[in-house]
Enquirer: 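Okay, handing you the structure first.
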There are 2 protein chains.
Amino acid sequence: MAVTLRDVAVRAGVSRSAVSRTFTEGASVSAKTRAKVEKAAAELRYSPNAIASSLTTGRTKLIGLVSNNFHNPLFLEVFDLFTRGLQERGLRPLLVNLSNETDPANSVRMLRQYSVDGVIVASSTLPPSFAEAFRDAGVPVVHSFGRYTTSPHVHVVGIDNIACGRMAAEALIARGHRSIAFLGGPEKATSTQDRAGGFLDALSRHPDIKVGISYASAYSFDAGRAEMQRLLQNTPAEAYFCGDDVLSIGALSAIRDAGLRVPDDIGIIGLNDMEMARWENINLTTIRQPVAQIIGASIDLAVETIQNPDRHPETRLFPCRVIERGTLRPVSPMQP
Amino acid sequence: MAVTLRDVAVRAGVSRSAVSRTFTEGASVSAKTRAKVEKAAAELRYSPNAIASSLTTGRTKLIGLVSNNFHNPLFLEVFDLFTRGLQERGLRPLLVNLSNETDPANSVRMLRQYSVDGVIVASSTLPPSFAEAFRDAGVPVVHSFGRYTTSPHVHVVGIDNIACGRMAAEALIARGHRSIAFLGGPEKATSTQDRAGGFLDALSRHPDIKVGISYASAYSFDAGRAEMQRLLQNTPAEAYFCGDDVLSIGALSAIRDAGLRVPDDIGIIGLNDMEMARWENINLTTIRQPVAQIIGASIDLAVETIQNPDRHPETRLFPCRVIERGTLRPVSPMQP
DNA sequence: GATCTTTTTGCAACCGGTTGCAAAAAGATT
DNA sequence: AATCTTTTTGCAACCGGTTGCAAAAAGATC
């Protein structure tokens with residue numbers, strides 16, 4: 001059916017090795033043979049079989065891209081950047097959707113069966129043990145959007161969630177709010193824990209400020225809305241740090257439906273700065289996560305780890321910053 | 001490095017064939033040998049190399065998933081459903097991001113090099129020739145969200161865009177509007193052309209109704225907003241059919257910013273019914289595209305085509321329906 | 001033109017599996 | 001126990017490439 005190396009060799013009147021060599025970078029072929037082979041290959045529309053060659057070279061150029069975030073619009077941007085970035089480096093993303101799985105065993109087995117050169121786990125909610133399962137199986141792995149730990153067992157690229165929590169608290173305090181709160185995603189997500197931790201930490205230096213903490217049942221619009229509706233039944237805080245933009249948008253819709261104004265009655269600051277956050281009808285003040293940089297660094301690190309599998313586990317964190325839009329009032333000039 | 005068939009064979013004290021057979025469905029192995037092999041395999045943590053086996057079986061179980069829609073939130077749902085659906089059938093999606101390419105040659109070559117069993121082109125904007133390039137290269141292909149033609153050269157699964165255009169027109173007419181318009185995406189997208197065509201067709205039976213047509217520069221929030229702002233500078237129509245939900249949301253934001261009320265001053269009906277459309281702060285009346293069914297049928301058709309490559313090109317269209325929400329006033333009782 | 005280097009080439013073995021075929025083993029029948 | 005069937009097994013060739021090695025060809029030097 002398909003045309004193989006052998007067919008080209010026969011037509012060009014050379015050995016199979018000669019054909020193989022014309023298609024491998026840096027191999028020794030004379031200009032004359034190369035010309036003959038290229039002519040024959042073009043006539044037969046030959047293109048080498050990457051799978052077969054991977055068998056001897058040990059490189060498939062396949063990268064497992066594993067994620068469980070198929071409901072957060074930010075991840076459409078993430079997939080876009082990952083697939084483009086990998087393609088530019090001649091790598092192919094083999095996408096694995098983890099939506100219902102918590103056990104890494106299946107994905108590990110599957111990706112080993114396909115001899116992927118490396119794996120990128122793109123998720124802010126999976127525990128570190130997930131990525132570690134790949135490392136334990138001998139597969140180079142990078143946890144993108146993962147949790148920072150002081151002694152990482154696996155490469156992590158992302159943001160400092162604790163610092164973000166702190167940054168959010170300070171942003172709210174700087175605006176003169178005296179009663180603020182954190183509205184997080186599910187408490188078990190590592191990123192949520194860290195954001196809450198940083199938030200509270202910053203407030204420990206402000207004993208006069210009232211602080212609240214609560215958790216939505218998921219990182220979703222509905223959960224954010226429901227949790228805010230619940231909060232509005234008692235005395236709500238003056239401003240909220242929501243653990244994610246989608247959550248923020250849900251909270252905003254609850255606030256507005258209750259007849260309250262944003263940012264005058266209640267302020268909101270989100271986290272991520274997904275594309276939608278700057279839409280004029282949303283106009284969300286939020287902390288930007290430098291997604292493109294995180295993804296670029298993740299791919300770099302994956303490539304480096306493939307070249308040198310014994311590389312020491314490394315953490316690359318990128319700074320976030322507040323993006324001023326319309327859901328938080330301006331910094332109060334009276335504050336210190 | 002990795003443990004192979006041979007290692008297991010040696011440890012189990014059997015031939016390599018025996019090991020291979022215990023791992024192939026329906027091969028002839030005695031219970032005794034199977035037990036020995038399975039024990040050895042478990043001890044060595046062996047799992048067969050899918051890539052190597054594909055060489056002889058001719059099946060990689062890889063499916064190329066090709067798309068250029070990495071900015072429409074609907075496609076996050078699409079990727080979620082595709083990856084899950086393929087995984088459930090033991091297939092693996094090799095994702096190809098076409099964002100900047102219009103020429104299929106690269107993707108065709110690349111996916112052939114990886115010997116994908118089939119390709120799914122998931123895009124409502126790519127021309128039919130794109131999918132045809134795969135067929136011409138001998139790769140089973142399904143164009144998902146593609147354009148319906150009476151004599152298809154390639155399998156197409158999607159919706160009847162002409163019927164949708166008609167449905168939208170009728171919905172607007174049924175609400176008593178006398179001046180309506182289509183606000184499409186880029187005119188060159190095949191789906192846009194068809195939706196416009198259907199819209200106008202339905203109106204040909206209503207010469208008394210005033211009709212307008214215009215096109216945004218992209219299927220994006222910004223483009224929808226900009227185009228609606230332009231329209232508001234002259235006398236806008238009473239209600240608009242936007243060619244897509246994202247476009248609709250952009251248009252809505254322009255309308256509200258202009259101080260007009262929806263649906264009282266201007267009505268909007270979208271198309272797709274992406275997850276966000278039902279968010280309470282958007283609450284978009286729209287035509288639902290049955291995404292899950294389209295994707296299920298696409299995968300089915302791809303699998304069937306892999307089994308029988310000479311299958312006649314087929315078109316599977318799914319009916320859409322209007323989802324009533326808050327951006328269109330109720331059906332006017334006075335209408336016939 | 002003879003001799004020494006360097007480059008190019010083909011052979012053959014290998015990557016990690018599968019599979020047709022014939023021999024061996026097991027089971028059935030008398 | 002002898003014979004016939006059926007099942008199980010291993011051998012060897014193959015899938016489509018790559019690569020170390022030695023021989024052949026080309027080029028350099030005198």
Side-chain angles (χ1 to χ4, degrees), chain A residues 1-38 40-41 44-62 109-117 138-139, chain B residues 1-38 40-41 44-62 109-117 138-139:
Chain A
M1 196 72 242
V3 14
T4 78
L5 195 69
R6 155 172 251 112
D7 304 327
V8 179
V10 169
R11 172 167 259 245
V14 298
S15 72
R16 290 160 59 220
S17 330
V19 180
S20 172
R21 288 188 180 110
T22 56
F23 287 99
T24 17
E25 199 76 8
S28 157
V29 223
S30 67
K32 211 182 300 175
T33 336
R34 152 160 275 135
K36 279 194 290 185
V37 170
E38 279 175 348
L44 296 173
R45 296 246 202 80
Y46 170 76
S47 84
N49 183 326
I51 294 235
S53 80
S54 83
L55 218 48
T56 37
T57 60
R59 286 265 182 280
T60 52
K61 302 201 167 193
L62 291 173
R109 184 160 28 76
M110 196 230 101
L111 289 172
R112 277 189 19 152
Q113 289 183 335
Y114 279 87
S115 314
V116 294
D117 289 349
V139 183
Chain B
M1 194 74 235
V3 15
T4 79
L5 196 68
R6 154 172 253 114
D7 303 327
V8 179
V10 169
R11 172 167 261 245
V14 297
S15 72
R16 291 161 56 219
S17 331
V19 180
S20 174
R21 286 187 180 111
T22 58
F23 286 100
T24 20
E25 201 76 9
S28 158
V29 223
S30 68
K32 210 183 300 173
T33 336
R34 151 158 276 135
K36 278 194 290 186
V37 170
E38 280 174 347
L44 296 173
R45 295 247 204 79
Y46 170 75
S47 83
N49 182 326
I51 293 236
S53 81
S54 82
L55 218 49
T56 35
T57 60
R59 287 262 183 283
T60 53
K61 303 202 169 192
L62 291 173
R109 184 159 29 76
M110 195 231 101
L111 289 173
R112 276 189 19 154
Q113 288 183 335
Y114 279 87
S115 311
V116 294
D117 289 349
V139 183

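Each chain gets a letter, A, B and so on, in the order the sequences are listed, and its residues count up from 1.
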Enquirer: With 3.5 Å as the limit, what N/O pairs link the protein to nucleotides 12-16 of chain D?
Expert:
residue: D/dG16; atom: N2; partner: A/Ala52; partner atom: O; Å: 3.3

Enquirer: Quick one: is D/dT8 close enough that its OP1 or OP2 comes under 4.0 Å of any side-chain N or O from B/Ser28?
Expert: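 Yes, B/Ser28 has a side-chain N/O under 4.0 Å of OP1/OP2 on D/dT8.
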Enquirer: So which atom in A/Val29 and which in A/Thr22 form the shortest heavy-atom distance, rounded to 0.1 Å?
Expert: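 Scanning both residues completely, I find the closest heavy atoms to be CG1-CG2, 3.6 Å.
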Enquirer: Base, sugar-phosphate, or nothing: which does B/Val29 touch, judged by heavy atoms less than 4.0 Å apart?
Expert: sugar-phosphate
Enquirer: Return the set of residues passing salt bridge (charged side-chain N to carboxylate O under 4.0 Å, His left out) with A/Arg11 (not counting sequence neighbours), or none when no residue passes.
Expert: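 Here the qualifying residues are A/Glu43.
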Enquirer: Rounded to whole angstrom units, what separation is found between the CZ atom of B/Arg59 and the C1' atom of C/dG17?
Expert: 17 Å
Enquirer: Would you give the length of the straight line joining atom CG of A/Asp117 to atom CG of A/Leu111, rounded to the nearest 0.5 angstrom?
Expert: 11.5 Å
Enquirer: Choosing from C/dT9, D/dT9, C/dT18, which nucleotide comes nearest the side chain of A/Arg21?
Expert: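 Nearest nucleotide to the side chain: C/dT9.
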Enquirer: Which whole-number value in Å describes the distance from B/Phe23 CZ to C/dT19 C1'?
Expert: 17 Å
Enquirer: Report the residue (A/Ser47 or B/Ala31) whose heavy-atom-nearest nucleotide on DNA chain D is the more 5′ of the two.
Expert: B/Ala31
Enquirer: Which pair of non-hydrogen atoms, one from B/Thr60 and one from A/Tyr114, has the smallest distance, and what is that distance?
Expert: O-OH, 2.7 Å
Enquirer: Using 0.5 Å steps for rounding, measure from the CG atom of A/Leu5 to the OG atom of A/Ser20.
Expert: 6.0 Å
Enquirer: Going from OG on B/Ser30 to NZ on B/Lys36, what distance comes out if it is rounded to the nearest 0.5 angstrom?
Expert: 7.5 Å
Enquirer: Quantified as the angle between the terminal helix axes (five pairs each), what is the overall bend of the helix from C/dG1-D/dC30 to C/dT30-D/dA1 to 10 degrees?
Expert: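 End axes: 30° apart.
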Enquirer: Which atom pair, heavy atoms only, marks the closest approach of B/Ala18 to B/Thr33?
Expert: CB-CG2, 4.2 Å
Enquirer: Find the distance between CD1 (A/Ile51) and NZ (A/Lys61) and round it off to the nearest 0.5 Å.
Expert: 13.5 Å
Enquirer: What integer distance in Å separates B/Tyr114:OH from D/dG17:C1'?
Expert: 14 Å
